[in-house]
2 protein chains.
Amino acid sequence: MAELNRRRFLGRLAGAGVAGAGLVIGSTSVLDAAPASAATESAVAFRGQHQAGIVTDVQSNLAFAAYDVTTTDRATLVSMLKRLTAAAEAMTQGAPVPGDTPADTTPRSPARLTLTVGFGPSLFDDRFGLAARRPAALKPLPALPGDQLISGRSNGDIAVQACADDPNVAFGAIRDLTRIGNGVVASRWTQFGFGRDSSTGSNQVTPRNLMGFKDGTNNIRNNDASALNQFVWVGNGADQPWMRGGAYLVARRIRMRLEQWDRAPVPEQEAVFGRKKASGAPLTGTGEFDRPDFAATNSDGSLVIPADCHIRLAGPDANNGLRILRRSYSFHEGQEAGLFFIAFQSDPEAFVTLQRKLGSHDALDTFIQHTTSGLFACPGGLTEHGEDYWGSGLFET
Amino acid sequence: MAELNRRRFLGRLAGAGVAGAGLVIGSTSVLDAAPASAATESAVAFRGQHQAGIVTDVQSNLAFAAYDVTTTDRATLVSMLKRLTAAAEAMTQGAPVPGDTPADTTPRSPARLTLTVGFGPSLFDDRFGLAARRPAALKPLPALPGDQLISGRSNGDIAVQACADDPNVAFGAIRDLTRIGNGVVASRWTQFGFGRDSSTGSNQVTPRNLMGFKDGTNNIRNNDASALNQFVWVGNGADQPWMRGGAYLVARRIRMRLEQWDRAPVPEQEAVFGRKKASGAPLTGTGEFDRPDFAATNSDGSLVIPADCHIRLAGPDANNGLRILRRSYSFHEGQEAGLFFIAFQSDPEAFVTLQRKLGSHDALDTFIQHTTSGLFACPGGLTEHGEDYWGSGLFET
């Protein structure tokens, strides 16, 4: 399947002459240096009904970039989006970037690279004539309890999420896109993250966050088509057709007060989450996937799962069954560390509803601050026809 | 060998009752949950002639911490160093930390964790009566050309370098040491880093730095005993016996102006390093390990390997054969990224000599700034006798 996609992609490049200047197929390049199988086995298809990087099995590393568009000319922006799309597709398939001289890009294997694009509310102002294309749901996230946003590190006109199983591949892809976009888009803020599972523990499935707790026990599974269609994918009834098959990406940089957390006794930590630290079981159970008994009380009448703990406030039982698809990464930047929270949902109001509740009552709030916020509309996937590009549904229809 | 070390370690723990409170061997713990082989195969011996983490095959992730000692009582400090040593040894072997209740520490596999301790010049002031124990070579690094140090992010009384093949293991180890040390040592600055080789490229041996160039082509190999004895290990003639078998660790956080770098044409980048970007070959050669011909000239008489390029200035040919052992990691912290440079040498003057030359003339200087600086004396390894602890040679003799 991966091999098929790659052949199709290379055929399309060769046949269509996409952004042809400098493109060399068959000469000395990473494709020749590496055995074909090495590149293809770790490549994720770039095109399809949905964008890759949303339900793709979570890779171990993240590089996330939000851009400001610096041109005011629509044609210039569209031309750049075409170039970025061609570069993105090439990088995910381990192919040379069209238009780059071979040595501009350091040879990199695909490492399951996915590049997912989203458009921020600010892109739909009066610069590019897109106001009428703005989905009603795409508006800046409101001020939320718990916000302590850092100036200049939120929002953006365009965002790209790069995920890969190699930090150099994810970061390198963002840097190459930034270089190619120079003069038309400029980096506004970036975030680097690392995976939370890897070899930690034996038979680990649910990753642990930096607080040491399993995070994602009840996350939507990427093979649960029913839940994905209900909570994640924008349906055919979307107010803007270009969002069909897409999703809204919420990004929140959550700083954790880890030294304070590490000094809290484990029972106190467990009362904050409502789960046991080692096993991940709810405080009323013994196994990670046991269903929490939110009504259970101790002999003194107090709730076993406290009223202000995270799983009670955030869980679907307390939110009319509401669920979101989380895809978060840990980060560590000198004296700051925490979680770069990413969630995909068909309606960003789902996140706002949950965060309004959490930010006001959650026992976890003592230990965290939200320092970056962003909402981006990620369109549906590109078809197998090479003419599509990032935003073609938005700009061309 | 690893299995033997682990058995010996566990036997020592059980027999000697090291810092015994709360230590549980044989009850539910990570050791029972994981097959014995999983833990032992990825464990690096903690004791030996030299500290681990200096010539150990470079792991993929780094967490580095510099601490201030906050007590002024020597006995309190010594007691804490004993506790930290016991915790460090346990963590590297995948065993429960002595004195911790089982759940305090998140279960983690060893992931080839190494923990390497060093002592900064400031530890040898008048607080602990160590002034007479200070090696003559252990003095604060001088101001160097290229320095743009960030206040509060340099130096420290004690440093610990944690390296592991899992970012959570490296960072978790530092956090556990910080928690255990609370009240006696306090974190001064930390640095997180990621590996530069992993799956990038095929048959990659020499890692690439974030500038996309191979970095370490001529580094001292960890099996080159002769070079290690000449340039890295402090010998028996040391002015302070506790440094025998040790080395001086230089830490420099080097911020790279990557957007500027990425926009520089590749031939200009190659002239900065004196090497070809794709192959790593010197500009006078075709293979990475070809010997540079520093005398070669172009037809117009100019040097093929420019006078101000990195390999000419930093190489042993221009420095009376001087070599250092580098063990650096890349970092990415929001809007900043670069190289956390770590070097080990038997005499820190070796680094100072090289950096004086590089900081004044190196073409690379346009693209980098040194923002953190630290020098730490790493003692020799602990013997197989359990009584040794981090600094015992310094405090007990």
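In what follows, chains carry the letters A, B, and so on, assigned in the order in which the sequence lines appear, proteins first and then strands, with residues in each chain numbered from 1.
When each of B/Y329, B/F340, B/F171 is paired with B/F192, the ring-ring contact (aromatic ring centres under 6.0 Å, His included) condition holds for B/F171 and for no other.
For chain B, the nearby parts of A/D262 are the backbone and the side chain; heavy atoms of each come within less than 4.5 Å. Both the backbone and the side chain of A/R175 come within less than 4.5 Å of a heavy atom in chain B. With a 4.5 Å cut-off on non-hydrogen atoms, A/R253 does not touch chain B at all. For a residue to count as touching a neighbouring chain, one of its non-hydrogen atoms must lie under 4.5 Å from one of that chain's; by this rule A/A63 does not touch chain B. For A/F64, no part sits under 4.5 Å from any heavy atom of chain B, backbone or side chain. The contact between A/T178 and chain B is made entirely by side chain atoms (from C-beta outward), counting heavy-atom distances below 4.5 Å.
Atom-to-atom distance recorded for B/S42:OG and B/D165:CG is 8.5 Å, nearest 0.5 angstrom.
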Where do A/Q59 and A/R112 land on the side-chain hydrogen bond (donor to acceptor under 3.5 Å, both in side chains) test, with the steps shown first? CA-CA 7 Å; A/Q59 300 96 322; A/R112 294 207 304 128; 5.1 Å; no
After noting the C-alpha distance and the side-chain angles of B/T217 and B/E288, does the key distance pass the side-chain hydrogen bond (donor to acceptor under 3.5 Å, both in side chains) rule? CA-CA 7 Å; B/T217 297; B/E288 179 188 353; 2.8 Å; yes
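In this structure, the side chains of A/T92 and A/L115 come closer than 4.5 Å at one or more pairs of heavy atoms.
A salt bridge links B/R179 with B/D100: at least one charged nitrogen is closer than 4.0 Å to a carboxylate oxygen.
Each of B/Q191, B/R263, B/M211 has some count of heavy-atom pairs under 4.5 Å with chain A, and the biggest count is that of B/R263.
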